[in-house]
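As a basis for the values below, the full set of heavy atoms in this structure was taken, side chains included, without hydrogen atoms, waters or symmetry mates. Just so you know, ligand 1 is whichever comes first in the structure, and atom 1 is the first atom listed for that ligand.
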Amino acid sequence: MTKGRIEKDTVKILEQAGFDMRFMADKGRNLIFIDEQQDLRFLLVKAPDVATYVEHGIADLGVVGSDVLYEHPGNYLEMLDLNIGLCKFAVASIPSYDPTDHKRKKIATKYPKIATDFFNSKDEDVEIVSIQGSVEIAPVIGLTDAIVDIVETGNTLVANGLVVFEDIVRVSSRLIANSASIKKNSEIMTLIDRLQAVVGNEEV
Ligand code: PRT
Ligand code: MG
């Protein structure tokens, strides 16, 4: 599972599905937790690593944001939309930005794939400027025309004097699975069913 922002809501879902998550209350700096009674092992890692662990079968199941899955496509199966970690990808900029301008735009982002695919889907070829830290300042200081970033409350944009011009796609956390694990271990499907009963949507 992904540590950080979606940790609490993930634990809540797991508890509702009947897992004993008491170890999370005083987890300290531990990243591996073993439930010997139920023969389960929980790993707490950074988002892109969740996909990697599941892909390599180190973890049978993983919880990770669709933003991460989109940016790091790999060999895993997407099983459930957990409806937590809700936010969206959007194009934002300073108020004078003109999205219909036909010049080749410069876009700052931590998500080059989603940004490129979005503009390409509109037949626009853009120059992506990859930024590691706060992308919000890029249009303000004139580095780029706009940004593509995750927006949740919109507070970060407002604080930097930016506005949303276009919504790209909804983002939520997903349950992913290692495909070989599902085939060879029927208990994995039972775990997925328990989680589906809690989140109450169809498998994706
Ligand atoms: O931040 P860190 O480097 O530690 O790790 P991370 O970014 O890999 O993980 P984390 O814990 O920050 O995010 C985990 C997952 O939460 C992401 O992969 C998303 O699926 C989901 N999520 C939900 C978000 C947000 N909401 C969100 N608001 N991820 C990031 N943000 C950031 C975003 O960068 C934005 O600029 O929060 C900023 C503020 O959002 P506003 O609009 O509420 O101001
Ligand atoms: Mg973050």
- Task: Give a yes or no on this: more than 12 heavy atoms of other residues, nucleotides or ligands lie within 6.0 Å of atom NZ of K183.
- Result: no

- Query: Would D125 and R104 pass as an ion pair if we require N to O under 4.0 Å?
  - Reply: yes

Atoms in ligand 1 with a heavy atom of [X] nearer than 4.0 Å:
X	value
V151	42 (O)
V171	20 (O)
N155	42 (O), 44 (O)
T153	41 (P), 42 (O), 43 (O), 44 (O)
T156	38 (C), 39 (C), 40 (O), 41 (P), 44 (O)
G65	20 (O)
G4	11 (O)

- Message: As a test of understanding, state which of M21, Q16, R22 forms a side-chain contact (heavy atoms from CB on, under 4.5 Å) with V11.
- Response: M21

- Message: Among L61, I182, I176, which residue satisfies the side-chain contact (heavy atoms from CB on, under 4.5 Å) criterion with L77?
- Response: I182

- So is G154 close enough to ligand 1, meaning a heavy atom under 4.0 angstrom away? yes

- Query: Taking the non-hydrogen atoms of E136, is any one of them nearer than 4.0 angstrom to ligand 1?
  - Reply: yes

- Identify which of R5, K3, K88, Q132 has a heavy atom lying nearest to atom 24 (C) of ligand 1. R5

- Query: Hey, is the main chain of G4 close enough, under 3.5 Å, to the side chain of K46 for a donor-acceptor pair?
  - Reply: no

- Item | S172 side chain to L86 backbone, donor-acceptor under 3.5 Å | no

- Message: Would you call the rings of F23 and F42 parallel, tilted or perpendicular, taking 30° and 60° as the class edges?
- Response: tilted

- So if you build clusters from Ile, Leu, Val, Met, Phe, Trp, Tyr with side-chain heavy-atom gaps below 4.5 Å, do I192 and L82 land together? yes

Taking N or O atoms only and a 3.5 Å limit, does [X] qualify as a polar contact for ligand 1?
X	result
E152	yes
S66	no
S173	no

What part of [X], side chain from CB on, backbone N/CA/C/O, both or neither, has a heavy atom under 4.0 Å from ligand 1?
X	value
D67	side chain
V68	side chain
I150	both
V64	neither
L157	neither

- Message: Rounded to the nearest 0.5 Å, what separates atom CG in N178 from atom CG in N75?
- Response: 7.5 Å

- When rounded to the nearest 0.5 Å, the distance separating CD of Q37 from CG of D20 is 8.0 Å

- With side chains defined as the heavy atoms from C-beta onward, is the minimum distance between M1 and L14 less than 4.5 Å? yes

